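Notes to accompany the following structure.
Starting from 1, each residue takes its place in the sequence as its number. Each ligand, and each atom within it, is numbered from 1 in the order the structure gives. Just so it is clear, the model here is predicted, and its values are computed rather than measured.
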Amino acid sequence: MYLDKLEERMLRGDYGSAIARAMEVIVKVGDVLRADRLIDIDTVHVAGVSYLTIGDPGLEYLEDLASAGARFRVLTTVNPVGIDVLDKWGINNYFIDKQWRIIEALRKMGASLWLTCAPYEYLRIRPRTYHAWAESNAVAYINAVYDAWTEKLPGPFVVLSALVGKVPRYGLYTLDGRIPTRIVRLNQDKAITDPLIAGLIGRKIAEAVGNEKPYLMAKIQGNAVLKQLLASYATYSPHAFMIIDSLTPNYREYAKMMDKHEIIDIDLSEVMKGHEGKGQDFDAVFLGCPHYGFDEVTSVINYVSSKGWKRASKPVYIAVTLFTLKQLDPNVVMKLRDSNIYLVTSTCPVVSPFLKSLNVSKVATESVKQMYYLPKMVGVNYISCNGIECLDLVFND
Ligand code: F3S
């Protein structure tokens, strides 16, 4: 792989041992992937930073890097961690202390501690810019919605990319690597407006195309619905990449570049199978995977207000970004609490012990991504429900 003079100096150690170590790994990976050169990235989004998933080895690795003087060279945002930085939610102090050490190490290296899996809602990302992101839903989102270029990269690798501000040029970092190879059509009369159905469609697309790259022809209404489709698709897809007709910038160019391609038709009635009415037996409702933004929380507020702010029969936990919480009137947040609805920030049930700490062993959720990970990662079961209608389960029972 070709290295320019600056990159060679980085590799040689002229910029310190942390940069040299990072460069060494990046060059080795680039060689394995047959990258032709390195490219400069605008942003990095780090994932895999919960103490639950990386434990002491991950914590020590990050602390070692930070104390060796490693500093991020580009804007580096961070995924949800294992704790809510504003509330304990019954999590023990040992876990909380370890998690704070991880956060502090990242802070020391210069990370922007947004602690959200939806950083794309707060960044102005230009089409055809390069990024190194490790959170799959976010990778799918910026590729499909902004035509911003990133591979789905492993968490430790993007930390190194943040230190040097570069990634190897291969795969989705090249126009050829982004040419869709399957047209996927949804047979639909109306636009998809249901988050649960969108998530199930995302999973179906991933199963139908496997390693191929879809060009999706479908009508999808609203950002919340799009987030569910892409998060679910990215969970099941090896690369988390799709182009969406009439939505992805430059979609016409992508369509023209497709050569011979198979067409896959997806039948909506098939998609819903196995998700109709799974009963009322659950401990809490969970919403906010990916993290809810201001508009999604506003829909919840409007719903509860329409119910006269009565109290939900079971708790509702909603994962939101710290930015969303800041935007909300604290009195409204208190009113939600009085209605048994709790905004949880900076974390996610899949990488946190908070549901277990609250004695929740089964949730009602709209998120197909949560359905995939909750039983595996934290031993929590689920029933499925649909977007804002999930609240009917605890307000109309
Ligand atoms: Fe975010 Fe966790 Fe879902 S990181 S996308 S809330 S599984």
Side-chain angles (χ1 to χ4, degrees), residues 45-54 77-85 89 99 102-103 106 113-122 133-145 150 152-155 158 195-196 198-200 202-203 206 223-237 240 284-293 296-297 300 316-325 342-356 360 363-382 384-385 387 390:
H45 182 68
V46 179
V49 283
S50 165
Y51 181 64
L52 189 74
T53 53
I54 62 174
T77 54
V78 180
N79 227 30
V81 290
I83 58 169
D84 179 340
V85 293
W89 301 112
Q99 184 62 69
I102 293 172
I103 295 170
L106 290 163
L113 296 168
W114 295 8
L115 310 182
T116 178
C117 47
Y120 42 79
E121 298 198 301
Y122 307 95
W133 285 25
E135 161 54 44
S136 65
N137 99 84
V139 168
Y141 194 96
I142 64 165
N143 273 304
V145 179
T150 178
K152 178 171 151 183
L153 297 167
V158 300
L196 173 65
L200 294 170
R203 183 176 73 186
N223 190 47
V225 175
L226 187 60
K227 277 165 75 179
Q228 290 303 324
L229 183 137
L230 292 169
S232 163
Y233 170 72
T235 301
Y236 289 89
S237 160
V285 172
F286 171 73
L287 300 171
C289 169
H291 276 179
Y292 267 14
E296 291 147 307
V297 177
V300 174
V316 178
Y317 298 102
I318 306 178
V320 301
T321 64
L322 286 159
F323 301 120
T324 302
L325 191 67
Y342 307 93
L343 303 183
V344 182
T345 63
S346 65
T347 190
C348 145
V350 159
V351 296
S352 167
F354 88 84
L355 284 181
K356 282 284 184 187
V360 174
V363 292
T365 185
E366 64 183 338
S367 164
V368 174
K369 181 168 182 179
Q370 289 285 314
M371 294 173 205
Y372 178 81
Y373 282 116
L374 275 177
K376 286 186 176 61
M377 299 289 291
V378 286
V380 169
N381 264 317
Y382 66 86
S384 54
C385 55
C390 296

*Which word best sums up how the rings of Tyr372 and Tyr236 line up, parallel for under 30°, tilted for 30 to 60°, or perpendicular for over 60°?*
perpendicular
*Considering only heavy atoms of Asn137, which atoms of ligand 1 have at least one such atom less than 4.0 Å away?*
5 (S)
*Could you list the atoms of ligand 1 found under 4.0 angstrom from a heavy atom of Pro290?*
5 (S)
_Closest approach of Ala138 to Pro119 (non-hydrogen atoms, all atoms of both residues)_ = CB-CD, 4.3 Å
*For atom 2 (Fe) of ligand 1, what is the nearest protein heavy atom, given as residue, atom name and distance?*
Cys348 SG, 2.3 Å
*What is the distance from atom OG1 of Thr116 to atom OH of Tyr292, rounded to the nearest 0.5 Å?*
13.5 Å
*Got a donor-acceptor contact below 3.5 angstrom from the Thr347 side chain to the Val81 backbone?*
yes
*Closest non-hydrogen protein atom to atom 7 (S) of ligand 1, residue and atom name please, with distance?*
Gln370 NE2, 3.4 Å
*Is there a donor-acceptor pair closer than 3.5 Å between any side-chain N or O of Thr365 and the backbone N or O of Phe286?*
yes
*Number the atoms of ligand 1 from 1 as they appear, then name those within less than 4.0 Å of a heavy atom of Cys117, with their elements.*
1 (Fe), 4 (S), 5 (S), 6 (S)
_Under 4.0 Å to a heavy atom of Cys289 - the qualifying atoms of ligand 1, by number_ = 3 (Fe), 5 (S), 6 (S), 7 (S)
